[in-house]
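Take a look at the structure set out below.
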Amino acid sequence: MTIPVREHFATTTRGLNRQSVPMKLFEKAKKYGIWNPSDIDFSKDKADWQALGKDEQDILLRLTAQFQAGEEAVTLDLLPLIMTIAQEGRIEEEMFLTTFLWEEAKHTDFFNRFFVEVTGTTGDLSHYHLDNYKSVFHQALPNALNRLRVDQSPEAQVIASVTYNMIVEGVLAETGYHAYYTVLRDNNLMPGTTHGIDKLKQDESRHIAYGIYLISRLVAENPDLWDVAEETMNTLLMPAVGVVTESFDCYDPIPFGLSVDDFTNYAMMQFQKRFARIEQSRGASLDIVDQLTHDAIDADDA
Ligand code: MN3
Ligand code: FE
């Protein structure tokens, strides 16, 4: 690997591009990403937890064990992408990415508080991670991101961002929020946890917006990479939907009246939404990519 030579600083030559997509996301992160998981009051959540039935507790533990490890994974695995962007001298993108990593660490912190303070669980929860979950979080995600340590090509970046931002965040995390909302908010349970999920989802929407921007930028710069993006999406669809079905297969009847079809449909809908969004960049110029991303971020009120 060749060590890049620094020729100039962006801030003292061209200046920071404050109108750029990543700076807009950085501004939003400074405004909305400053919530503190330690401030959340879990007292009613704890009482609600104790009143749940055994299977109800079990499915919530399963969902949270998936989220907790998922947040740890995205915290650990993001660094090679940040390093890649930094080495390309993309200061605006890296400024945003500092908030991204900090937020993933806070999400890891949040779910740990839920386990310890709401459920009193401290033991090994890895039995909640089944085959499809492992194929995403033990293999696809770390493999795609760690490849960037040795190969920072645009192709490797597309695979990393599709895996991380489109599948793990855009499909799996979004479907997980839908589960928390269906179980907790719709039953008026655990207001502290529900509030934390609101905040997480807001943070996640900025992360996904950045991923869409990155993939769109890479495809605009290298049109052949559309096929790589599409193939990566399609390869990961089965394990992503499998995470949903393998979780529900553990229950009969499924607690809280949940329906496996509702959640597989939701996951598919998220997948199609992400796919359609990145497909807009196919054949588009960088200017169009910028405009589309600005419009999408403006339409999202937080
Ligand atoms: Mn997160
Ligand atoms: Fe995220």
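Whatever order the structure lists ligands and atoms in, that order sets their numbers, starting from 1. FYI, side chains are in, hydrogens and waters are out, and symmetry mates aren't considered; it's all heavy atoms of this structure. All of these numbers come straight from a predicted model, not from anything done at the bench. Here, residue 1 is the first one in the sequence, and each next residue gets the next number.
Taking the six-membered ring for Trp, F275 and W226 have ring centres closer than 6.0 Å. Aromatic pair Y177/F67: ring centres closer than 6.0 Å.
No other N/O/S atom of E169 lies as close to the Fe ion (ligand 2) as OE2 does. E204 contributes atom OE1 as its closest N/O/S atom to the Fe ion (ligand 2). Of all N/O/S atoms in E104, OE2 sits nearest the Fe ion (ligand 2). The name of the N, O or S atom in E204 nearest to the Mn ion (ligand 1) is OE2. H207 has its closest N, O or S atom to the Fe ion (ligand 2) at the position named ND1.
Using bins of under 30°, 30° to 60° and over 60° for the plane-to-plane angle, the ring pair Y213/Y210 lands in the tilted bin.
At least one N, O or S atom of E71 sits under 2.8 Å from the Mn ion (ligand 1).
Side-chain atoms of T64 and Y180 include a donor-acceptor pair closer than 3.5 Å. Of the N and O atoms on the side chains of D261 and Y266, not one donor lies less than 3.5 Å from an acceptor on the other residue. Side chains of R62 and Q66: no donor on one and acceptor on the other come within 3.5 Å.
Here the Mn ion (ligand 1) is the vertex; the ND1 atom in H107 and the OE1 atom in E104 give an angle of 90° (to 10°).
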